[in-house]
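Note sheet for the following structure.
Since this is a predicted model, take the numbers as computed values, not measurements. In what follows, chains carry the letters A, B, and so on, assigned in the order in which the sequence lines appear, proteins first and then strands, with residues in each chain numbered from 1.
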Amino acid sequence: MKYIDEYRDGRLAKDIARQIAALADPAQSYHFMEFCGGHTYAISRYGLEDLLPANVRMIHGPGCPVCVLPIGRIDAAIALAMRPEITLCTYGDLMRVPGSNGSSLLKAKAAGADIRMVYSTLDALRIAEAEPDREVVFFAIGFETTTPPTALALKAAIAKGLGNFSIFCNHVLTPAAIQNILESPDVRKLGTIKIDGFIGPAHVSTVIGTEPYEFFAEEFKKPVVVAGFEPLDVIQAILMLVRQVNDGKHEVENQYIRAVTTFGNEKAQAEVADFFEFRESFEWRGLGEVPYGALRLRPQYVAYDAEKRFSMVTPAAKDNPACECGAILRGVKKPADCKLFGTVCTPDTPMGSCMVSSEGACAAHWTYGRFREQARQVDVGRAVA
Amino acid sequence: MKYIDEYRDGRLAKDIARQIAALADPAQSYHFMEFCGGHTYAISRYGLEDLLPANVRMIHGPGCPVCVLPIGRIDAAIALAMRPEITLCTYGDLMRVPGSNGSSLLKAKAAGADIRMVYSTLDALRIAEAEPDREVVFFAIGFETTTPPTALALKAAIAKGLGNFSIFCNHVLTPAAIQNILESPDVRKLGTIKIDGFIGPAHVSTVIGTEPYEFFAEEFKKPVVVAGFEPLDVIQAILMLVRQVNDGKHEVENQYIRAVTTFGNEKAQAEVADFFEFRESFEWRGLGEVPYGALRLRPQYVAYDAEKRFSMVTPAAKDNPACECGAILRGVKKPADCKLFGTVCTPDTPMGSCMVSSEGACAAHWTYGRFREQARQVDVGRAVA
Amino acid sequence: MCLAIPVQVKEVLPDNIAKVTLDGVSKIVSTALIDDVRPGDYLVLHVGYALAKIDPEEAERTLALIRQAAAMGDAA
Amino acid sequence: MCLAIPVQVKEVLPDNIAKVTLDGVSKIVSTALIDDVRPGDYLVLHVGYALAKIDPEEAERTLALIRQAAAMGDAA
Amino acid sequence: MKAYRRKLDVANGRVDLSHGAGGRAMGQLIEGIFHKAFDNDWLRAGNDQSAFSVPGGRMVMTTDGYVVSPLFFPGGNIGTLAVHGTINDIAMAGAVPLYLSASFIIEEGFPFAYLERIAQSMGAASREAGVPIITGDTKVVERGKADGVFISTAGVGMVPDGLDLRSDAARPGDAVIISGSIGDHGVAVMSKRENLEFDTDIVSDSAALHGLVADMVAAGGAHIRLMRDPTRGGIAATLNEIASQSRVGFRIDEDKIPLKPEVAAACEFLGLDPLNVANEGKLVAVVAPEGADAVLATMRAHPLGSEAALVGHVVADDNCFVQMTTSCGGRIVDWLSGEQLPRIC
Amino acid sequence: MKAYRRKLDVANGRVDLSHGAGGRAMGQLIEGIFHKAFDNDWLRAGNDQSAFSVPGGRMVMTTDGYVVSPLFFPGGNIGTLAVHGTINDIAMAGAVPLYLSASFIIEEGFPFAYLERIAQSMGAASREAGVPIITGDTKVVERGKADGVFISTAGVGMVPDGLDLRSDAARPGDAVIISGSIGDHGVAVMSKRENLEFDTDIVSDSAALHGLVADMVAAGGAHIRLMRDPTRGGIAATLNEIASQSRVGFRIDEDKIPLKPEVAAACEFLGLDPLNVANEGKLVAVVAPEGADAVLATMRAHPLGSEAALVGHVVADDNCFVQMTTSCGGRIVDWLSGEQLPRIC
Ligand code: SF4
Ligand code: SF4
Ligand SMILES: [Mg+2]
Ligand SMILES: [Mg+2]
Ligand SMILES: [Mg+2]
Ligand SMILES: [Mg+2]
Ligand SMILES: [Mg+2]
Ligand SMILES: [Mg+2]
Ligand SMILES: [Mg+2]
Ligand SMILES: [Mg+2]
Ligand SMILES: [Mg+2]
Ligand SMILES: [Mg+2]
């Protein structure tokens, strides 16, 4: 697979890792946050942690749109889907996300809700056209990457005069979240650790470009390397971050230059701007309220806004108080530090947001990496015995 | 089963049969037509033919509302049922009745039509109430017996303001048909045989009484005995007819006096009269056009008349030209005289009206009595060999 | 034609409805076409509606006539 | 986040639609967010929409940098 | 660090698509409901198939799919049927049923509570019969693509040495014996059908007949020509099948056929002939004349055959007619044409 | 006077409710489509069960329900799956498959033409495998209560003397061998699913593996610990099942797992892991180290095992982890959680 296989070469990855080890100052530690779930996934899936020296540590950020969706939004979607006139279209990722009281879209479907999994917003549009008697609602989630397809669907629905199509908008914004991680008042409550740099999003950046990260790099004096999602992309980005730290720099670098430009896809940005506007504040699961952290439909498209059209309310719903997602998403704790991890909380029965999608920090660690804890525990156990 | 078992006593039947044999003049033959399929069924089901002397012969009349429904009406019902908005409710009897080109409601259902079998008009009403988005059409068939329940359903639909309920009316009238058998121009074409008397309908007569038969008895000089549907009822009625013939009488007698009165159920008649009026003419399968042979909804109920509401057309459709139903229904021929009988035409693949319902002359003979032909053929064969 | 059976009224219910039975099988039916329905009455039931009352005396009389004809046949 | 893959344009179809392939698997996708799509182009595909073009020269440059870093690590 | 598993919420939960996807949720459903209910080591071993030893000889294999609606009815449910029906098809060869398999196709949304009730009934029926369910399969299909649950069972059994019952073995003169009253099952099921609802105390006759059959084989094995359980299509279909397969006719006597008054009454209500109505715990045996008395006596001594009756005989008839003597004369008993529908006329 | 029967209009006709009612229409459907397609004397005998002789010894029985959607896909259809899948479950015990049963649950309205195509494929698959379908059942349910057709097959087979493969038999040090490339079946089916449609030349690997297995048993019977066909849930589910049943772990090597580029590409499109994707003509064998080479060589000599590969080993691990070495490091291979869904992220 061109542009995939070349970037998965394990030998090169190991060589670069050796170079990282050679460059990393043994007297100091390097903490880098990969904001995106895509990077978290690559790190876990390919076992990149095994290659890094002990003093280079990756902190998994909140960058998974499924994980960050608050329970209340899931509850609202379920309540909507249970209405007999509604057909709720959703990406498969959302089906198993837990709402309150063990509910989920998968279970709502089993209980009779008309919920259809779609691969693309185009499928949702097709359903709305084919079944004019149904109220077809597209459950829109995703970062900047996924928003333009929603905008185009809305545009097409308007062009076709599809009166039975609407959008439950949950699109969220990356820069706002990164900023929140660095400056939110919660940081004090949860404690924080030093973050020495960021790996910036791959596909979000194809849309928004590298320019939006300049502010952080400057304001918080942190290097940012925008990187692709393949293992070599990630390991190269880590090398670039180590170099910046060693050089005392805090620049925005672009490792994913084959697909990301400085200003991104301006056509896509324009489509989004036509239909969406900022929300003043939006709850991110695990992060709390994030100012300007999400989008909603512009007022002139109220007829297509499912929240308005169906007077949806987002019930207040609490995460499990034992869940450490907040601290994990800020790098203060690791998944295995949570006492629910791997006991009551697993991908089959997720309790917190980080266990929801395979890109969540806890899920990635459970699915791909938990043998490491185990190996450590076993080793410790043997040493003690 | 009270009022059933007593009238099925085989010993008594045999004794009465002997009395018939004793009374029947060996020098003459007695041809009686049982108008009703119910009687045809009883004769075949209980093997009453085995009991009668050779010179007393029963001719099976057209009295089965399923059998007499013209192909075109079935075709029209199928065309209606195939419309996506329509739910067609029907008694189970109609499901297998053949329309043109091997079609049937059963096959239309298999092809996707929404067709529901109901036990009662009440069920059809319930469906219309429960599914307000469906256009629920009740496929009404039947003689005077079955018409009052249709009238009550219509009354209830009006009272409940059920705008999605309507009736495809195929209710037919017994006296008109009997008259047709005796005087239709077809009789000349098909030939006819002497009919010495009629067994009059059981349950039709609970509604209309015995009075309507007075006209025939008088006009055509034929005795009529209204009789119940149990075997003893039938055999007693035959005895009564033999007596009348022997006595040169042509009266209306009432064997079924436990349930039938002279003027019938006047309350039921009034309900029918409120909602229905005569059709000037209506095709009976096997008989052709019968003047005043059927009912339709009165014009003020046009909104409930499926024929009007859905602009139904009854396509011209021909029976199989080899089918002898017309002659059989007039007693000119017997089922086994038809060359299609038992070869291409069986209850599984009926070609003509008489093979359709288990009360049709051909079907009853096939299902219950065909071993007699066989026995005769075998006997003949042996004699020849 | 016209499948109909004799059933006995067990219970008269509101709105022209009755519970009827035949040998241990019972069903709810409409009696809207019949006046003065009482428990114990026998009715002729067709497609969920009672069409007529059965007159027990006439029924007995018919049976008596049948038996009488049969006796004559038996003798014959 | 944001599963996206590099696909090659096989055929440009009317109405901002293209047929794209990845190793013998092809699919119809929307190119409404991209200008000047041509057969042979590589695109980044996400939920049925192309989001960006892949620049082959930059891709080669990145790989060269990676190999260079690796060579240094290998030597290390 | 073993994964904790939340208990199946059998009281309130429902089957969803994950229960058919081959992952942990499916494993939990199978263990929590099926293994628990069927309770044997074969299943617990968790192999793709189950093994057993046989002594060598003639075996039989059979299968049936169960799609009954409603799923629960007086006297049983789809699960008891699935066990009894397949055991009976084995027993009709005179064979000793040994093992069953069960394939479940479940509609998304089906309540765990119903599934457990069905599985428990199956487990109980299989234990009572001494025929374990040793292997199975579970699939889940989307809502609207099934009707609650469908069950297909298959079974194997061992035929006693020297016994060879076949549907073409009926000979003129043979006796026709029915093990008990007909139509109970069909009437019990129809009494709960929407739109037909009527009240009756009739319960399904669903039962495993292999015990009765074993007694019959012991008493008159050499004389038994063949056996059939008259399920779909009733006695009428069974006799017609035998007639055409053996190229014979039947002459049976209506008066001798055991029939409960309530079943007769329900058939009057619905316009059905009890001869066409399904049975799930009855058998029809065709027995050489010299063995008829012994077989009948043995049947009557068994609780499932206490009302057994000799109802007629096989006759030579190239037309394969099933003729029946009625109270008044004679008639043919034919297959039912088309679906068994309530009629108005 | 035998009743004439109009020919089944296979080209244009559809299954209606009468075809499941136990009357003549059902008989005609069964004879006209199933008996014709499966073509053997057991079925034609028309008994409720079919008989066969066995020599005595250990037998296996298995069942599976088939509900695949779409019914037809590149490389096969629901019928070929129903034959291959059940044969394979028998073969996984090292057994010689002998006989199959087939239970059909058909949705009202299903075209005869499709049913015949499916039945013909089953007949061909069963003849090719030498495993006849000797007994069956047909039910018809109302439109909207099934999904075209469901098929449940069961099968029996005879285990060669001395062989005892069990899911708890894997031991540390054993070799893990896969018979060929993974994920072909799942990708072929998904390529035809509505909303997912993509074009690929990939065809299902659906195949009967008992021939391959017989060779393996002949070459290294004593060394084979167990075999599994990695169907639903893919290789990942199969290895995890074995791990937990044998209380061991696995260490496998991603680079060694045979995977077609098109399958890898389709999984990239859909966001799926090929390890979770279903196979229908592949097996995983766990083999004692001393037998691994011989077994692997034998497999490679068989057309269905020409791409067989030794992909890893069993390790001692109380946690029963399936660990996989990737190009860059290591990871766990876990069961799939929930349904296999295309993902966006
Ligand atoms: S293991 Fe579960 S509960 Fe604990 S932090 Fe992770 S998601 Fe939250
Ligand atoms: S046998 Fe069939 S074709 Fe012939 S007269 Fe009777 S119904 Fe008509
Ligand atoms: Mg069977
Ligand atoms: Mg059933
Ligand atoms: Mg059976
Ligand atoms: Mg299985
Ligand atoms: Mg049977
Ligand atoms: Mg199996
Ligand atoms: Mg399947
Ligand atoms: Mg299997
Ligand atoms: Mg069967
Ligand atoms: Mg298997």
- [ ] Mind checking the CG-CG spacing from D233(A) to L63(D)? Nearest 0.5 Å is all I need.
- [x] 8.5 Å
Task: Largest heavy-atom contact set with chain A, pairs under 4.5 Å, which of E58(D), Q68(D), E60(D) - done: E58(D)
Open item on the list: I need the I16(A) CD1 to R67(D) CZ distance, nearest 0.5 Å.
Closed with: 10.5 Å
Task: Close contacts, residues 1-11 of chain A versus chain D, judged by heavy atoms under 4.5 Å - done: M1(A), K2(A), Y3(A), I4(A), E6(A), Y7(A)
Open item on the list: So which atom in A52(D) and which in A259(A) form the shortest heavy-atom distance, rounded to 0.1 Å?
Closed with: CB-O, 3.7 Å
Open item on the list: Could you walk me through whether T62(D) and Y256(A) satisfy the side chain to side chain donor-acceptor pair (under 3.5 Å) test, starting with their C-alpha distance in whole Å, then the side-chain angles of each, then the deciding distance to 0.1 Å, before giving a yes or no?
Closed with: CA-CA 8 Å; T62(D) 302; Y256(A) 196 33; over 6 Å; no
Task: Top contributor to chain D interface from I257(A), L23(A), T206(A), I20(A) [non-hydrogen pairs under 4.5 Å] - done: I257(A)
- [ ] Could you go through the side chain to side chain contact (heavy atoms under 4.5 Å, CB included) check for H203(A) and V44(D) one step at a time?
- [x] CA-CA 8 Å; H203(A) 297 130; V44(D) 174; 3.7 Å; yes
Task: Interatomic spacing from CZ in R61(D) to CZ in R258(A) - rounded to 0.5 Å - done: 13.0 Å
Task: Closest non-hydrogen atom pair between L239(A) and A69(D), with its separation - done: CD2-CB, 3.5 Å
Open item on the list: Run L33(D) and E271(A) through side chain to side chain contact (heavy atoms under 4.5 Å, CB included) and show every step you take.
Closed with: CA-CA 8 Å; L33(D) 295 166; E271(A) 296 285 1; 4.1 Å; yes
Open item on the list: Within residues 9-22 of chain D, which residues come under 4.5 Å of chain A, heavy atom to heavy atom?
Closed with: L22(D)
Open item on the list: Under 4.5 Å from any heavy atom of chain A, what part of L65(D) do you find: side chain, backbone, both or neither?
Closed with: both
Task: Among the listed options I34(D), I54(D), L43(D), the residue most often paired with chain A at heavy-atom distances under 4.5 Å - done: I54(D)
Task: Contact class of L12(A) relative to chain D, heavy atoms under 4.5 angstrom - done: both
Task: Contact class of D23(D) relative to chain A, heavy atoms under 4.5 angstrom - done: side chain
Open item on the list: So which atom in Y49(D) and which in S120(A) form the shortest heavy-atom distance, rounded to 0.1 Å?
Closed with: CE1-OG, 3.7 Å
Open item on the list: So for atom NZ, which belongs to K155(A), do other residues, nucleotides or ligands contribute more than 12 heavy atoms lying within a distance under 6.0 Å?
Closed with: no
TODO: Compare every heavy atom of V47(D) with every heavy atom of P149(A), then report the nearest pair and how far apart it is.
DONE: CG-CG2, 3.8 Å
